[in-house]
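Below is one structure, written out as structure tokens, with a few remarks after it.
Values in this document were obtained by computation on a predicted structure and should not be read as measured data. In what follows, every chain begins at residue 1, and chains take the letters A, B, ... in the order their sequences are listed.
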Protein chains: 2
Amino acid sequence: MPTVPKLQKQTFGARIADELRRSIFAGEIAPGSALIETALASQFGVSRGPLREAIRQLIDEGLLVQIPFTGTHVVELSEQAVREIYSLRTTLETFAFRLAWDRRDAEFANELKARQAALVEAIDLGDELECIRRELHLHSLVYETANHQILLEVWNGLKGKLQLYWASHHMAHGRHGPRRDSHDSFLDAALGDDLPAMEIEIETHMRLGSETTERFLKDRNQTA
Amino acid sequence: MPTVPKLQKQTFGARIADELRRSIFAGEIAPGSALIETALASQFGVSRGPLREAIRQLIDEGLLVQIPFTGTHVVELSEQAVREIYSLRTTLETFAFRLAWDRRDAEFANELKARQAALVEAIDLGDELECIRRELHLHSLVYETANHQILLEVWNGLKGKLQLYWASHHMAHGRHGPRRDSHDSFLDAALGDDLPAMEIEIETHMRLGSETTERFLKDRNQTA
DNA sequence: ATAAATTCGATTATCAACAATATAGCTTTT
DNA sequence: AAAAGCTATATTGTTGATAATCGAATTTAT
């Protein structure tokens, strides 16, 4: 059992899981809608076996929910869930920063600036879906630097849900509004020398995200 | 798509996942050993389809690791992983306590004492495997009280890995040594009124667990 | 008219056979 | 003798078909 994973042929299930995930993030499959196995199987040109594995994977990522013998659906947003995600994310990202703090080097700074620049580019281009991806990619650097495998796994789980929420947010509302300032201060703090200031920055950042998303949900439920 | 899950017929895959998990926790399948699908399928009297789903589930719980076209194995312990688990657990349990703190009531206190008593009973009986289960069950109450669904899910993931580590620890070394005192102070702090003291209690508790498990791993790797 | 029972269609869960892949052992070559 | 290539075999990945289950429309009884 090699600890270094060999580069090997990808399985159908894994490939389809990626495709499905992309579809969900892109809003092509709306939250709440059902996934029927036979249809998707033929659509992807594959049998139901691998497709079921892909579904199982997305279930465990928290993107789908399944009731035995009944059906599989894309998860639907709840205000409670959003609050939970952001509060947990505040905790985890603070933890991640503490771990990453002494591991920051020139490469970290460069990469952080690069991802920030990529985010700004997407904001200016107005590609909202790409914004979401790049914002999460920016924050991911902290988790990667923390050198904590399990933390990274948990973050990836949260990241998926966040991407889903923001994507459906975008589908219903369009632009989020200006976010450049918010990320500028985030970058400054992350490159600075004041850890407590960084922690405050995180909390502010999260509160902003949480409130924006909750407001969206409230509107959505009223009109529905 | 009902939010309240109906009580429905359990699927084969889920039932087998439970059985397999129990087998792993009981040390009947040692860390590092391979799981061959055909053998397990016939052993459980079921086809390979459901069995593969069970395996997939345990993979996502972090109990198994799979390499495509090659095989599935029970995860092996590493010192790094243990450190990670305990450091993350410290973070999460502190967070959980903060959330649960104002929700503690008479019922909480009673349940906590009950689970503590159950743990002590298992300690006195010398049933190490049951000790592990009941210790984790005791701590779980905090996460349940926190009223945070996603946190609970993450904790359940960690809990599984902890159970695996402690179980294999037990298989190699027998008793952990005395742990009653440690849990008495934990109970006192949890029922008290001093949250900072509780947070210190958590860190101490975790450091103890981490050091014990790391020491075990070091011994193990030297003899191996 | 309403509520219980029933049938029907759609969908999922499971199975057994088949194809693809990787590992170990052997053969050949240098 | 060591390294590269080949072959056999065990194991996983995939498929198409069959069985089991659920939900809703329909019927029936009160």
Legend entry - Ring centres under 6.0 angstrom apart (His148(A), Phe95(A)):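 Yes - the distance between ring centres of His148(A) and Phe95(A) falls below the 6.0 Å cut-off.
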Hey, is [X] close enough to [Y] for a salt bridge, meaning N to O under 4.0 Å?
X	Y	result
Glu61(B)	Lys161(B)	no
Arg56(A)	Glu53(A)	no
Arg22(A)	Glu19(A)	no

Separation of atom [atom1] in [X] from atom [atom2] in [N], rounded to whole Å:
X	N	atom1	atom2	result
Ile16(A)	dG13(D)	CD1	C1'	12 Å
Gln10(A)	dT21(C)	CD	P	13 Å
Phe12(A)	dT15(D)	CZ	P	6 Å

Inset, instruction - Would you indicate which nucleotide in dT11(C), dT14(D), dA13(C) comes nearest to any side-chain atom of Thr11(B)? - result: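 Shortest atom-to-atom distance from the side chain points to dA13(C).
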Legend entry - Shortest side-chain distance from Gln66(B), nucleotide among dT14(D), dG13(D), dT12(C):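 Nearest listed nucleotide: dG13(D).
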Inset, instruction - Indicate, with a heavy-atom threshold strictly under 4.0 Å, whether Thr38(A) touches base, sugar-phosphate, or nothing. - result: base
Inset, instruction - Could you identify which residues of residues 43-60 of chain B place a heavy atom less than 4.0 Å from some atom of DNA chain C, listed by residue number, or say none? - result: Val46(B), Ser47(B), Pro50(B)
Inset, instruction - Considering non-hydrogen atoms only, spot the tightest contact between Ala190(B) and Trp101(B) and give its length. - result: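 It is O-CZ3, 4.2 Å.
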Legend entry - Minimal non-hydrogen separation, Ile202(B) against Thr90(B), with atom names: CG2-O, 4.2 Å
